[in-house]
Amino acid sequence: MKILLVYNLGGAGSNFYRLEMPHHHLGENYPVELFSCANTEGIDFTKYDFVLFSRGIDYNGKTKEIALEIKKHTKLVLDIDDYWQLGAGHILQKEWKEHKTSQQIREAVEIADHVICTTKYLAKSVKGINRNVHVIPNAVFPEVYKQFQYVKPEASYDLRLGWIGGSCHVEDIELLYWFAQDVYNQSLPVHFNFVHDGNKDGVYEYYKRIITNDYKNEKYTALPTTDVYSYGLHYNSFDVALAPLRNTEFNTKKSELKVIEAGFHKKGLIVSDVKPYTDICNAKNSIVVKYSEDWVKGVKRLIESPALLEDLSEQLYLDVQKFHIAEVNKKRWEVYEAIAQK
């Protein structure tokens with residue numbers, strides 16, 4: 001089998017999780033030849049069983065033109081990890097509307113021969129416009145990408161809470177507003193760790209303002225933003241991962257990635273009661289938050305019982321092993337064989 005991987009999104013996380021990491025493992029363990037390019041100009045598509053794009057085909061109005069040229073010669077497969085409709089409250093909504101990004105991704109979904117996505121919730125939306133849809137979840141490959149390996153943290157008096165994420169999580173971080181006030185007002189033995197890009201006028205500064213209770217709480221560490229190859233190392237700086245997720249249509253069609261990452265790092269996890277997170281998270285492996293006041297209640301439980309933190313983190317570690325790339329690629333290979341044979 002020969003597959004052409006199109007890296008048309010630069011250093012984006014979707015390229016890393018959906019193209020580079022899974023195919024690194026696939027190429028080492030399955031009878032497949034992998035080729036890559038940044039764009040499809042001048043490519044002889046007859047050499048490949050299929051061409052695989054991540055998220056979109058083109059963002060300059062040429063999706064249909066490129067797709068039809070590929071489909072003359074071989075199959076076109078699109079892998080998407082997010083819903084193409086952001087919703088009114090998303091920080092990128094204005095930009096996407098201006099550039100018609102949602103329409104271009106939707107067009108790619110419609111015209112592809114096959115679509116691969118991360119969850120059954122996203123697959124349901126895809127099926128409305130393309131019935132050839134397959135679900136392959138996100139996964140990690142810790143043996144090669146060592147940022148996902150567990151490192152036992154040093155002892156600390158304070159319970160170290162951490163959040164790692166990008167600049168598009170404004171609605172999610174806002175869920176921690178009252179929680180951050182409670183931590184400060186109750187003088188809880190907590191130390192926050194969160195990413196920050198150093199820009200005092202940017203969105204990460206807004207995150208900081210919320211998490212530090214309008215700068216009153218000085219018990220925090222601002223972790224530098226970094227690339228997709230090393231950001232996972234930040235998990236080694238804290239004990240408990242925070243995973244706030246606002247219940248929106250876009251978010252319920254995201255992947256379980258934050259849960260998977262926290263689990264492989266054997267972190268305690270306090271998580272919003274929102275799918276797809278709760279497809280993995282339950283009372284045996286994490287603290288699931290239904291109401292605003294549950295964030296601080298969960299932290300207090302972990303402060304009062306280190307044994308509970310250990311039990312939850314160990315169970316979560318076990319529960320996410322099905323998201324090891326070796327397991328997930330069994331399904332990926334089945335899907336690829338079926339696509340190549342049709």
Which value, rounded to the nearest 0.5 Å, describes the distance between Asn217 atom CG and Thr212 atom OG1? 7.0 Å
Show your working on salt bridge (charged side-chain N to carboxylate O under 4.0 Å, His left out) between Asp79 and Arg18 and close with a plain yes or no. CA-CA 7 Å; Asp79 186 299; Arg18 305 303 292 176; 2.8 Å; yes
Who pairs with Ile91 by side-chain contact (heavy atoms from CB on, under 4.5 Å), at least two apart in sequence or on another chain? Cys168, Val170, Val203
Salt bridge present between Asp49 and Lys75 (N-O < 4.0 angstrom): no
My understanding is that only one of Leu159, Leu308, Val240, Asp158 makes a side chain to side chain contact (heavy atoms under 4.5 Å, CB included) with Ile303; could you say which? Leu159
What residues, two or more places apart in sequence or in another chain, satisfy ring pair (Phe, Tyr, Trp, His ring centres under 6.0 Å) together with Tyr206? none
Any side-chain heavy-atom pair of Ile270 and Leu302 under 4.5 Å: yes
Find the distance between OG1 (Thr74) and CG (Leu4) and round it off to the nearest 0.5 Å. 9.5 Å
Those residues that, when tested against Tyr235, pass ring pair (Phe, Tyr, Trp, His ring centres under 6.0 Å) (two or more places apart): Phe238, His265
Using side-chain heavy atoms (C-beta onward) and a distance below 4.5 Å, is Thr63 in contact with Phe53? no
Could you check whether any side-chain heavy atom of Val328 comes within less than 4.5 Å of a side-chain heavy atom of Pro137, counting everything from C-beta outward? yes
So how far is it from Leu176 CG to Ser272 OG, rounded to the nearest 0.5 Å? 8.0 Å
Verify, without hydrogens or angle tests, whether Lys219 (side chain) and Pro189 (backbone) share a donor-acceptor contact under 3.5 angstrom. no
How long is the straight-line distance from NZ of Lys297 back to CD1 of Ile287, given to the nearest 0.5 Å? 12.0 Å
In chain order, what residues pass the ring pair (Phe, Tyr, Trp, His ring centres under 6.0 Å) check against His134, with sequence neighbours excluded? His114
Answer yes when Lys72 and Glu69 have at least one side-chain N-carboxylate O distance shorter than 4.0 Å, and no when they do not. yes
Take Glu20 and His24 through the test side-chain hydrogen bond (donor to acceptor under 3.5 Å, both in side chains) and record every step on the way to the result. CA-CA 6 Å; Glu20 179 178 334; His24 186 145; 5.6 Å; no
Applying ring pair (Phe, Tyr, Trp, His ring centres under 6.0 Å), name anything that partners Tyr177, two or more places apart in sequence or on another chain. none
Flag, side chain of Asp58 to backbone of Gly61, donor-acceptor distance under 3.5 Å: yes
May I ask you to check whether Tyr317 and Tyr150 place their ring centres under 6.0 Å from each other? no
Indicate whether the side chain of Asn282 and that of Asp319 have a donor and an acceptor atom separated by less than 3.5 Å. no
Let me see the working for Asp239 and Arg160 under salt bridge (charged side-chain N to carboxylate O under 4.0 Å, His left out), right down to the final yes or no. CA-CA 5 Å; Asp239 312 297; Arg160 294 165 294 196; 2.8 Å; yes
Is it the case that the ring center of Trp163 lies less than 6.0 angstrom away from the ring center of His169? yes
I'd like to check Trp84 versus Ser125 (side-chain heavy atoms, cut-off strictly below 4.5 Å). Are they in contact? yes
Mind telling me whether Tyr229 and Tyr145 have parallel, tilted or perpendicular rings, with 30° and 60° as the class edges? parallel
Which pair of non-hydrogen atoms, one from Ala262 and one from Leu269, has the smallest distance, and what is that distance? CB-CD1, 4.2 Å
Residues Lys330, Glu334; criterion salt bridge (charged side-chain N to carboxylate O under 4.0 Å, His left out); working and verdict: CA-CA 6 Å; Lys330 293 175 183 177; Glu334 290 177 3; over 6 Å; no
Between the OG1 atom in Thr118 and the NZ atom in Lys253, the distance rounded to the nearest 0.5 Å is 11.5 Å
Please state whether the rings of His23 and Tyr336 are parallel, tilted or perpendicular, taking 30° and 60° as the class boundaries. parallel
Pairing donors with acceptors under 3.5 angstrom, does anything connect the side chains of His234 and Glu261? no
Which heavy atom of Leu78 sits nearest a heavy atom of Ala112, and at what distance? CB-CB, 4.0 Å
Pair Arg209 + Glu205: basic N to acidic O under 4.0 Å: no
Test ring-ring contact (aromatic ring centres under 6.0 Å, His included) on Phe194 and Tyr207; report intermediate values, then the result. CA-CA 9 Å; Phe194 53 87; Tyr207 295 170; 8.7 Å; no
Looking only at non-hydrogen atoms, find the nearest pair between Asp81 and Ser14 and report the distance. OD2-CB, 3.4 Å
For the CG atom of Leu316 and the CG atom of Asp311, what is their distance to the nearest 0.5 Å? 12.5 Å
Which pairs with one or both residues in residues 36-45 pass side chain to side chain donor-acceptor pair (under 3.5 Å), sequence neighbours excluded? Asp44-Thr46
